[in-house]
Every structure is written in structure tokens, then in C-alpha cells.
Asker: 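Take this structure, written in C-alpha cells, and hold onto it; I'll ask about it next.
Per chain, numbering begins at 1; letters A, B, ... match sequence-line order.
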There are 2 protein chains.
Amino acid sequence: MRPASSSKRATITDVAHSAGVSTSAVSKVLRNAYGVSPAMRERVQTAMDELGYRPHAAARGMRGRTYTIGVLLASIRNAFYADLLDGVNAALRDTEYALFLGSGGSSEREDQTRLIHAMVDRQMDGLILIAPTVSRSEVVHIAAEVPTVVVGHHDPSPAYDCVVNQDGVGVDLVVDHLVALGHRDMAHLSHPTVRGTQWEQRPEHHVRAAYRAAMARHGLADLARVVHSGYSDEGGYRGAMELLTSTRPPTAIFAGADVAATGVFRAAAELGLRIPDDLSLAGYNNTSVAALAPVNLTSVDQAGAMMGETAARLLLERIEKRRDRAVVMASTPHLVVRGSTAPPPAA
Amino acid sequence: MRPASSSKRATITDVAHSAGVSTSAVSKVLRNAYGVSPAMRERVQTAMDELGYRPHAAARGMRGRTYTIGVLLASIRNAFYADLLDGVNAALRDTEYALFLGSGGSSEREDQTRLIHAMVDRQMDGLILIAPTVSRSEVVHIAAEVPTVVVGHHDPSPAYDCVVNQDGVGVDLVVDHLVALGHRDMAHLSHPTVRGTQWEQRPEHHVRAAYRAAMARHGLADLARVVHSGYSDEGGYRGAMELLTSTRPPTAIFAGADVAATGVFRAAAELGLRIPDDLSLAGYNNTSVAALAPVNLTSVDQAGAMMGETAARLLLERIEKRRDRAVVMASTPHLVVRGSTAPPPAA
DNA sequence: ATCTCTTCGTGGAACGTTACACGAGGGCCG
DNA sequence: CGGCCCTCGTGTAACGTTCCACGAAGAGAT
């Protein structure tokens, strides 16, 4: 199992020598290609084990396949992405493919471009782009070179596959839940739209639109309010401050991301408001933070692991050319009710 | 800037043709090696831009260098690791190196081995192993093949460099802080020791030893208590339950990791104990969770970003052979006091 | 003018793998 | 028994880069 003793790494030639066959033969069993007898397979297998041989990925890369797939992650801090990754890992576990994450500290467009290029340059066999900030045409361009799955954006293309969540459904669940509790004045914290990326259907667009629609459905269209202060702790804080110090503070806040909801907690604490007694709060994504006892946040679960698994499976289909038509997979979210939502204070 | 039009990717030969020089010349300017005139550099540079040439990393890999460094992460969910990564990214930003993360869903030893092999097989130029669970001898073995930096474990070796924190100092800060508040009965939540990994100096060992020493220093040796329920939310919950329902519940709990502290919150909530009024709680790592308003946890900050930057720098020194002796870098932690610690309830 | 250095460009042999073309042998059919 | 098709193993030419050895040309010293 161990490189017997030599300092250098065993190559296909060493294996061929040791087994007394040609390198082509070894290559064949390696890829389990057609035209190799059981006896041959046996001998080569033994020789490989003896020498502790592992194929040299760079050399393979020169001939086309590296058995590597890359995932681009905007931020490593968003726990939802961790769920996604678990799914991807699970789907890849029993394959020969290795998974590598690229995550530039920032989600700057330029950094992401650099990372994607780094992946392509390393001949990765497929890419999973999670909520990419690079422009859509850039992604289309990349996808023409290497199989690609985009997670999160609702802009399909014949060039790549999409995995998304039915965000509208999740929003309905939240709004219905709050209305059922007796709320009427529910504000929404959203993410500012970045211009010029050509993604028309980012999740926050869908969520915003669904929020307005749901409010209208309940006859509350004129109470609908959206603050675009961003999906981050700081953004949640600023947005909540703006809302809660306004002339008509809402009785409930629906944050488009859990991470923004944590900022709302901070704002509420500073203003002396208790959650859920004085203010109801709901998040989105059901990240692990939401489940922490002191947080205890009502949130929408997107089944991240399942989305990740789907993405990986779609990608493998493409890489192995079992499918050549682009596809969109949308999964259904559900609501996880915790302690941050309650009936509004008696007026 | 764009691949002019051809479907195939530009190679060094194309550039050479277009510039009317040899491939060797192009290679030289690529690596800015010795023996290339300014005029030549200029011409080649122009040709590269025109063709949108980017070197083919796999091919480079065959000749030794891939300009890729790999980071092994036990878990992507620990926010402390995100800080580390930011540091690594920062240090690598202006270099030609790309960073890829390997993170098997689980921290199983076998998964980690597989990942490390995947990195080595892909000819990565250097490895940063963050709190690896694979056995030490395995790491030594790997480090003989490719430059390696180990982060977290205090077991130095001539084979690899180490980046650690002076955990003892951090523990002293916590214990002194609690004693100053008036606490005497302070228990410690630790991580169970995994046998057979040959790491004798994992952070939890240091922290445990320092905890006992600090207690002794304050004349509280016989009140020292350690529960090995693990660094996880669930572990913190179980450990806290055990302690708080014992015949002599402590007035303060020092959790060896923030993630375990969140479990303590849950246990306290279930038992009707308020933090910090009835129970003081301190964590370790100062992860972003600790700073969240509803959590507001006193914790020890390890300057993760700085550690990451250091690790990257050490690795580059090794890769570029500017140093050949192993080194240990230890940074100093400091205490961040928040709202989870207070004087003990009047007895 | 001749000799020696330096500087700068070129040729070409690797690196480890894959995949195509080919050929040797055996079995089956007419 | 000749011809044909299968099966299974081999030889070899790439793939894109690096780097060593070499040579040509120019500068400076004698």
C-alpha cells in the first residue's frame, strides 16, 4: 500500500514494468476501458497496490480529464452554503471525483472571475457556481468551455443547468404565518440590486416580488415596505433601525436572509424591544444560526443538502455526456417556526 | 483580451507563432526567467494579450509547479476557520497562486486522507492543514513530499511548519476574569481525546492543562472540573446538563469552543437559568456567532486572520525555498468581554 | 584583428497519461 | 480448411509546459 521505498512516486510505467505488461494495458484497467481480461486486470491491480500507485492528475489533465470539480462560493460564512456543500460531497463520495472549493475572501466580481479562471486553467471537469456575482454573459462563456451548474439564480440558459428554490412559496409561508398570528404591518429587508450583472432573477428579486404579491393577496398592499439594506449582519441592523425608528414601526420584520435577521436582533436590543413580544422576526435559509437557543429564529428551510446533491448529480450527467440539454431543478421550501414570531402586541 | 475567435484555447505555441519567436522564449517571459530582452518581453506580452492566453496549469504541473495551494478544513461550519481563510487569501492575493479548499463533509480521518491525497495527486505546490485529524505520521509522510503547514496542533516537527496560538495565555485570561468577578466554582467543557492519532498537543490538551494550572494558581485546584463532551452544540448541551444538574452546580462554565457554548445556552434555557444572572459563560475562538446580539458571548480572540496570513507566508517561503528549517509561530490571544459573564449570584 | 565574456534566443527532450491504430491469436461458419 | 469476426494486448503519437545545453552576435580587452 505504501510507495515501497523509492523516493519518487510510482508512475504508470513502473506499474507496467512490475506487472510485466504495457502501459496501455495499465491505462485501460485504470479507466476500466473495453478489452482487458480478468487475469490482466488482476495482475495490474496487484502491481498497483504493491507500489502504492495513484494516478498523476496533472498528466491526466493534459489528456482531458482531471476528475476534479470546482465549487465557487461567494462567502464561506453563510451557513446555508455549508449545507449545500454537504449535499455536493455526499453525491460525489462514491465517485472518483474530488471536490475543491474556491472562495475569495470577498465576493467581489473581479475576485470571482479570477477564481473561475483558476478553475478552468486547472482543467477542472465541471463547475458549480453558487450565487455567482460575475456577469451572466461571463458565465455563459465559461459554460461553453466546461460543464457548469448555477445554484440560486433563476435565469436559465441553454448553456448551463440551474438549481433553485421556489422562493415564492417560501415567502408565502412566512407571510401567511405572520398574518395568521395577527400581524398586518410586516416589513421586508432585502438586498440591494447590483447593476450590470445581467442576472435578472436573483433570489432577492423573487423574494421581493413574492412578498409584495403575498401582501396584496391579504389586502395589505399599501402596508408593504421594503428596505434594501443588504444581506449581512450590518445590513440587517441598519435596515431595522430605519424601520423601527420610523413614524410607523412595523410589528413584524421578514428578513430575506438569516444573517440579516441577526442584525435585527442587535437593533431591537439597542432600542429596548423584546423579540417576539414587541417585534416578530422571521428569516430565510434556516441556517444553523437560526437554530441556536439564544437566537431561536423562525425561518424558511430550503433543504440545502438536497440542492447540493442535485447540483452535483446534474453536473456529473453533463460531464459524462449522459445529457446534453440544459435543465432547471426547483425544490420546495418549508417553514420552521421557532420562538422569534408571536402575535403582535395588543394595540 | 478575449480568445480572438478560435474555439480552442490558445497555447504557448500559438503565442510563439503570433510573436514570431520560439516557445522557449515565451516560457521565459512567462516565468520571468533570466535572459530575455525588454523588446522580446514586450512583443510576447502583446501577443499573449491579443490571444487571451492563460497558461495551462495541468501542463505546468507535469513539469513541477502548478501554482496551486490547498487548504484542508475539518469543518466549513466553524466560523473561526473562515477568519483563518481570510488571512490566507489576503497573503496570496498578490501572488500567482490560487487557493483551493478541501472539505470533506465529515472530519472523518479517512475522508481527510482521501482529500490530502487528492491534493497531492493534483501536484499542489503546498498544503495548509487546519487542525487535521489524520495521524501525525501520515502528515510527516506527506510533508516530505510537499511543503506543509499545520495550524492548531502544538506538535512541531522538522518536516512541517506550525502556526498556533498561545492557548495557555487565553485560558489564564478567562479564569482571571471570572475570578475577578467573584467566581470560584468554574467548570470546563472540553473535547474528548481521540486515541491513536499521535497528536499529543492538540489545542484541547493545552487548554485543559492551562485550566487546571490557572485554577491551582488561584488556590481552587480542588474545585476544578472538566467534562469531555466535545466541541459541538450538542456536546455543549450534554456537558452543561451534566454539570448543572449535579449536586454542586458551578457558577460559571468555560467552554473550550464557542460552538459548545451555544449548547450551554440551550441547556440553561431548558433549566430556567438566566445567563449571566444565574450562570456565567465564556467561550473560545471569538467566532462571529459570539458577537451576535442575542448571543453576546465573552470569548477569547485568536486573531484568526493573522494566523492564516502567517501560515500562507510560511508556506510560500518553503515553496520558494527561501527557508529550509521548520518553524513554529505562536500568536497571543486576548479576551473579549461581552454580556455572558457577570458576578455570581449572591449565595 | 583576435580572443574571451556576456547576453539573449532557439532546439529539443522530457514529464505521465490517454486513445487510436494495429496485429496476433482463437473460435465459428460455410 | 479458408476466411472472417472477436477479443485482448501493444506501440506510439500526442497533450502544453519547462529547462538544459547550445550557439550567435555584440562588447570589451589586448
Side-chain angles (χ1 to χ4, degrees), chain A residues 3 6-45 47-48 51-68 96 120-123 125 145 320-321, chain B residues 3 6-45 47-48 51-68 96 120-123 125 145 320-321:
Chain A
S6 77
S7 55
K8 300 309 286 171
R9 188 177 170 137
T11 74
I12 205 173
T13 321
D14 301 334
V15 175
H17 265 170
S18 157
V21 298
S22 73
T23 58
S24 321
V26 179
S27 174
K28 274 193 188 178
V29 353
L30 221 54
R31 306 170 272 136
N32 48 69
Y34 176 83
V36 33
S37 65
M40 161 74 76
R41 162 163 286 113
E42 174 70 18
R43 281 176 64 188
V44 171
Q45 206 47 264
M48 294 203 300
L51 295 168
Y53 169 77
R54 296 201 316 263
H56 201 294
R60 284 180 141 184
M62 293 218 53
R63 304 288 303 161
R65 197 63 82 77
T66 56
Y67 298 94
T68 309
E96 235 196 307
V120 175
D121 293 349
R122 279 156 190 80
Q123 306 297 111
D125 299 331
E145 269 190 82
E320 285 158 11
K321 305 211 188 307
Chain B
S6 77
S7 55
K8 301 310 286 172
R9 191 180 168 132
T11 75
I12 205 174
T13 321
D14 300 334
V15 175
H17 264 170
S18 158
V21 298
S22 73
T23 59
S24 321
V26 178
S27 174
K28 273 193 188 178
V29 356
L30 222 53
R31 307 170 272 136
N32 48 70
Y34 176 83
V36 33
S37 65
M40 162 72 79
R41 161 163 288 112
E42 172 70 19
R43 280 176 64 189
V44 170
Q45 204 49 264
M48 294 205 299
L51 295 169
Y53 169 77
R54 296 201 316 263
H56 202 292
R60 285 181 140 182
M62 293 218 53
R63 303 289 300 157
R65 197 63 83 76
T66 56
Y67 297 94
T68 308
E96 236 197 307
V120 175
D121 293 349
R122 279 157 189 80
Q123 306 296 111
D125 298 333
E145 267 190 83
E320 284 159 10
K321 305 213 187 307

Asker: So if I define the base as every atom that isn't primed, P, OP1 or OP2, how would nucleotides 22-27 of chain C read as a B/S/- string at a heavy-atom cutoff under 4.0 Å?
Answerer: ------
Asker: Side chains of B:Thr68 and A:Arg122 only: does a donor on one sit below 3.5 Å from an acceptor on the other?
Answerer: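 A donor-acceptor contact under 3.5 Å links the two side chains.
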Asker: Without hydrogens or angle criteria, can the side chains of B:Arg31 and B:Ser27 be said to hold a donor-acceptor pair below 3.5 Å?
Answerer: yes
Asker: Is the phosphate of D:dT17 approached by B:Tyr53 (side-chain N or O, under 4.0 Å from OP1 or OP2)?
Answerer: yes
Asker: Enumerate the residues from residues 23-33 of chain B whose closest heavy atom to DNA chain C is under 4.0 Å, giving them by residue number; use none for an empty result.
Answerer: B:Ser24, B:Ala25, B:Lys28
Asker: Of the nucleotides C:dT7, D:dT17, C:dT10, which has the atom closest to the B:Val21 side chain?
Answerer: C:dT10
Asker: Rounded to whole Å, how long is the line connecting atom CZ of A:Arg122 with atom P of D:dG16?
Answerer: 17 Å
Asker: Taking C-beta and beyond as the side chain, do A:Arg9 and B:Val120 meet within less than 4.5 Å on heavy atoms?
Answerer: yes
Asker: Taking the side chain as every heavy atom from C-beta outward, state whether B:Met48 and B:Leu30 have any atom pair closer than 4.5 Å.
Answerer: yes
Asker: Between P on D:dC8 and CZ on A:Arg43, what's the gap in Å once rounded to a whole number?
Answerer: 15 Å
Asker: Can you check side chain to side chain contact (heavy atoms under 4.5 Å, CB included) on B:His56 and B:Thr11, steps first, answer last?
Answerer: CA-CA 8 Å; B:His56 202 292; B:Thr11 75; over 6 Å; no
Asker: Is the phosphate of C:dG16 approached by A:Thr11 (side-chain N or O, under 4.0 Å from OP1 or OP2)?
Answerer: no
Asker: Rounding to an integer number of Å, can you tell me how far A:Arg65 CZ sits from D:dC15 P?
Answerer: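 For the pair A:Arg65 CZ and D:dC15 P, the rounded distance is 19 Å.
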Asker: Could you state the atom-to-atom distance from CZ of B:Arg60 to P of D:dC19 in whole Å?
Answerer: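 After rounding, the gap between these two atoms is 10 Å.
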Asker: Is B:Arg60 salt-bridged to B:Glu96, cutoff N-O under 4.0 Å?
Answerer: yes
Asker: Roughly how many Å is it from CD1 in A:Ile12 to P in C:dG16, rounded to a whole number?
Answerer: 11 Å
Asker: Does a side-chain heavy-atom distance below 4.5 Å link B:Tyr53 with B:Ile12?
Answerer: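 When only atoms from C-beta onward are counted, B:Ile12 and B:Tyr53 do touch, with a gap below 4.5 Å.
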Asker: Nearest of D:dG11, D:dT17, D:dG16 to any side-chain atom of A:Ser22?
Answerer: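 Out of D:dG11, D:dT17, D:dG16, the nucleotide with an atom closest to A:Ser22's side chain is D:dG11.
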Asker: Do A:Asp125 side-chain atoms and A:Arg65 backbone N/O form a donor-acceptor pair below 3.5 Å?
Answerer: no
Asker: Keeping A:Ser18 on the side-chain end and A:Ala47 on the backbone end, is there a donor-acceptor pair under 3.5 Å?
Answerer: no
Asker: Could you pick out which residue, B:Val36 or B:Arg63, lies toward the 5' side of DNA chain C when each is mapped onto its nearest nucleotide?
Answerer: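 Looking at the nearest nucleotide for each, B:Val36 comes out on the 5' side.
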